[in-house]
There are 2 protein chains.
Amino acid sequence: MRATGSNREDLRQHNLSLVLRLVHRAGSISRSELTRLTGLNRSTISDLVADLVTLGLTIEREPESSTRVGRPSLNVSVVAEVACFVISPGYHSTTVAVVGLGGRVIAKRRKSTRINPNPDEVVETAIELIAQMSRDLPTKTRIAGVGVPVPGQVNILQKSVRFAPHLNWVDVPLGQMLEDALGLPVRLDNDGSLSSSAERDFGAGKGFDDIIYLFGGDGGIGGGIIMGGNVIRGSTGYAGELGHVRISDSRTEDSAGLPGTLEALVRREDLIEALRLDDADDDELHSALQGKLPPKVSRLVERQIDYLALAIANLVNIFNPQVVLLAGFLSALYDIDDYRLVNQVRLSSLNGARERVQIRTAALGSNLLLVGAAELAFAALLNDPAETKLFRIRDVKKPKP
Amino acid sequence: MRATGSNREDLRQHNLSLVLRLVHRAGSISRSELTRLTGLNRSTISDLVADLVTLGLTIEREPESSTRVGRPSLNVSVVAEVACFVISPGYHSTTVAVVGLGGRVIAKRRKSTRINPNPDEVVETAIELIAQMSRDLPTKTRIAGVGVPVPGQVNILQKSVRFAPHLNWVDVPLGQMLEDALGLPVRLDNDGSLSSSAERDFGAGKGFDDIIYLFGGDGGIGGGIIMGGNVIRGSTGYAGELGHVRISDSRTEDSAGLPGTLEALVRREDLIEALRLDDADDDELHSALQGKLPPKVSRLVERQIDYLALAIANLVNIFNPQVVLLAGFLSALYDIDDYRLVNQVRLSSLNGARERVQIRTAALGSNLLLVGAAELAFAALLNDPAETKLFRIRDVKKPKP
DNA sequence: GCATTATGTTGCCCTAGCCAACAAATAGAT
DNA sequence: ATCTATTTGTTGGCTAGGGCAACATAATGC
């Protein structure tokens, strides 16, 4: 049994963590709301917030205007000087972002790389971008760490990339490489898992505890699972490979060589090709699918919707989620014929489980993944505000010329 | 956000709950081990255990014999007088058990009913058996409540059975019916979920946090999911219907009318029929499958193993579990040709996820489900030992003549 | 019998959250 | 303007639960 006893310090840590989380999530929140949400005493909240202010994590301000009776409650908000870096390796470019506590994207910079860049190249690009961006940050900025969304399987404990078909990486100790290069704590996670938790916190999944997230991109279909409010990671962090759910006897293989899976049968490329588009982004694809379609394309779309429905139904039976979120080009499929999709899901799912499930398109937004990955970097700080060390911006290692 | 602040009382409750859980799980444990496991101070453990003794939940004893140096540590064990009832409705009989704190099955009685008994019949049978068994219990026995394992979909919050194909029940408010009849708090859960958590606590899943449990019975295939140590229930408690995972385009339907699912393609009845057995239990089926089989049966077995492997691979890709437990006749399939099964799983699962996954047969034991269901009844007590009310045996309502 | 070791017991300390009383700042009524 | 009602901030003291240290106790092993 893992559970351990709690003492006074744990209690304080828990409450401090809770308050900081609430402030972080809301960006700015009144002390009275904190008392309401936590159920703690006014004076306790006062004390906790004072601690957070001493730690340099939050500030208190007089509220701008009041609309209610009674003494106006002080406003607690996150300081601007605490931030983290997000390094997002992509197919042919790497993006680095500075994200502040509170989830604000302070800066974002992207640099092209070769297609299928090797890990060293990504690390080099990342530290270069970080060095550039660091110059623009106030010197008093303190960095909590680095979060890395990986388009592939991630071993969270080892901080390594197990397999990323998109990047053509196998067993890359990316976390260690970045920590050595930057001198900052680095945490990796699968992009689907990060997106799903970002959708829950800030996007279309707000307020839900049981979420299935499906993302359709260029390189395949990824996913994320949130159950009971927690991201499901499995034993080594590979859980949530929802693109590889088998739904048919078809021999068509997906990027991992598995036949008859969702990813093998519902392919963005097939749509692009059928529509004779060259290189469309999701918006272009979406609008191209809106008009009257040639019968051949129409049949393809219907087939893809049906397969998608089958996969969703399968997941609904397994997970009994409150909501299924569709992102990337999967949301386009939903928009084209949501009736067909929903109906097909109904037909293939169990009575009880399908009753209340909603199918929605994700809020998306390209910043969402960055914000999700920032949560990774902030996790330690949010979990133990008093003891987690922050790094000064000038202590971040520079690239060697 | 659900999380709330904690105060000193919560702290005490947490620690008290933790200690009681440890004693409950071990049945009997020394105070020194409690200090080690909880990380709390000797004196604190002393105080907590004293509280539990005052509450009449545990007793302290001098240890029998010592083998180590140093003053022998006092032994803390669960009292015999705290128990719960488990009511297990079956296809043509209902079983009632008295299970003590610590997971000991004190008494067990079974009564035949009609096939597909209606809910009233089950309730009547249950209160009759409980009344009989209560006479044999010491008068000072205190009852924590009633746990009910249901072979079907359960809405945990409403304490109702959504759909139980085996019993032919649809939307039965079984929890309410039993509470009215007995005057005791009743909790329901799906039998697969209960079995899986029982396997984790006491059976083949001991020490694992991420478990997929598959049970093959007469009426179909049920399942249970444990991730990160928690049972996955989904939004309304219907999660874990792993028998209805789709694995093929076959039109053969399962008990819920879904085609091509695990339950539709891997059927106990088919084996029984092929072997020309009449009505065999799992042991008989197991031994019947051991010898040299006619080619036709052999092919059937292989087909079933392959389908089972496909389903397991699917689940491994989705969940990345540490262990897959096979119970019921599925464990027979494993025993016949585990090499084939494991190999087929490898072929259809993703690299990372399959690396460390173990496939095992469950510990089973007919009492395991009862012990699992008892956990349900004890849950409130274990969660808040100081405040949870226990019921005297003579306050349990008697059946009306 | 003595040293060593581990645990139980006791009294005291410390701190985190609660509480009550009071102060302060607003809206709305007069 | 003034007064009331309402809400929140502030302060000092209280309380209880966990830690700690010192001592007592009971085992092993020489």
Side-chain angles (χ1 to χ4, degrees), chain A residues 3-20 28-55 58-77 384-387, chain B residues 3-20 28-55 58-77 384-387:
Chain A
T4 49
S6 301
N7 55 24
R8 269 197 336 273
E9 283 166 43
D10 300 330
L11 183 72
R12 184 63 165 190
Q13 181 188 328
H14 174 260
N15 286 340
L16 217 48
S17 162
L18 175 62
V19 171
L20 182 57
S28 172
I29 190 172
S30 73
R31 262 169 47 172
S32 70
E33 265 182 292
L34 287 173
T35 55
R36 241 182 354 93
L37 289 170
T38 59
L40 295 171
N41 193 282
R42 278 214 294 280
S43 47
T44 307
I45 288 295
S46 172
D47 201 41
L48 287 165
V49 171
D51 259 26
L52 290 176
V53 171
T54 308
L55 288 166
T58 64
I59 44 175
E60 276 187 309
R61 261 191 302 239
E62 303 288 325
E64 275 100 70
S65 69
S66 84
T67 159
R68 270 186 295 173
V69 207
R71 179 174 177 174
S73 189
L74 290 174
N75 206 284
V76 184
S77 59
D384 192 355
E387 298 299 324
Chain B
T4 49
S6 301
N7 54 25
R8 272 199 330 273
E9 283 168 44
D10 300 330
L11 183 74
R12 184 64 164 189
Q13 181 187 329
H14 173 260
N15 286 340
L16 217 47
S17 162
L18 175 62
V19 170
L20 183 56
S28 172
I29 189 172
S30 73
R31 263 173 41 176
S32 69
E33 264 183 293
L34 287 174
T35 54
R36 242 183 353 93
L37 290 170
T38 58
L40 295 171
N41 193 283
R42 280 214 293 279
S43 48
T44 307
I45 288 294
S46 173
D47 201 40
L48 287 166
V49 171
D51 258 26
L52 290 175
V53 171
T54 308
L55 288 165
T58 64
I59 44 176
E60 276 187 309
R61 263 191 302 238
E62 303 287 326
E64 274 101 71
S65 68
S66 85
T67 160
R68 271 187 296 174
V69 209
R71 179 173 178 174
S73 188
L74 289 175
N75 207 283
V76 184
S77 59
D384 192 355
E387 298 299 324

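Just so it is clear: chains get the letters A, B, ... in the order the sequence lines come, proteins before strands, and each one is counted from 1. Source: prediction; values computed, not measured.
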Round to the nearest Å and state the distance from [X] atom [atom1] to [N] atom [atom2].
| X | N | atom1 | atom2 | result |
| --- | --- | --- | --- | --- |
| B:Gln13 | D:dG18 | CD | C1' | 17 Å |
| A:Arg12 | D:dG19 | CZ | P | 17 Å |
| B:Arg71 | D:dT25 | CZ | P | 8 Å |
| B:Glu64 | D:dA26 | CD | C1' | 17 Å |
| A:Arg42 | D:dT7 | CZ | P | 11 Å |
| B:Leu16 | D:dG18 | CG | C1' | 13 Å |
| B:Asp10 | D:dA16 | CG | C1' | 13 Å |
| B:Asn15 | D:dA16 | CG | P | 17 Å |

Output the distance between atom [atom1] ([X]) and atom [atom2] ([Y]), rounded to the nearest 0.5 Å.
| X | Y | atom1 | atom2 | answer |
| --- | --- | --- | --- | --- |
| A:Leu11 | B:Arg12 | CG | CZ | 13.5 Å |
| A:Arg42 | A:Leu34 | CZ | CG | 14.0 Å |
| B:Glu33 | B:Ser73 | CD | OG | 8.0 Å |
| B:Asp10 | B:Asp384 | CG | CG | 9.5 Å |
| B:Ile45 | B:Leu52 | CD1 | CG | 9.5 Å |
| A:Leu48 | A:Leu40 | CG | CG | 6.5 Å |

On DNA chain C, nearest-nucleotide positions of A:Pro72 versus A:Leu11: which is more 5'?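 Looking at the nearest nucleotide for each, A:Leu11 comes out on the 5' side.
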Polar side chain donor-acceptor pair, A:Asn75 to A:Ser28, under 3.5 angstrom: yes
Quick one: is A:Arg68 getting a side-chain N or O under 4.0 Å of the D:dT6 phosphate, OP1 or OP2?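 Result: no.
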What are the 5'-most and 3'-most nucleotides of DNA chain C lying under 4.0 Å from any heavy atom of chain A?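 Range of nucleotides within reach of chain A: C:dC14 to C:dA27.
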Pairwise 5' ranking along DNA chain D for A:Ser73 and B:Glu62, keeping only the more 5' one: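 Checking each residue's closest nucleotide, the 5'-ward one belongs to A:Ser73.
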Which part of the nucleic acid, if any, lies within contact of B:Ser43, taking any heavy atom under 4.0 Å across all strands shown: a base, the sugar-phosphate backbone alone, or nothing?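 B:Ser43: base contact, heavy atoms under 4.0 Å.
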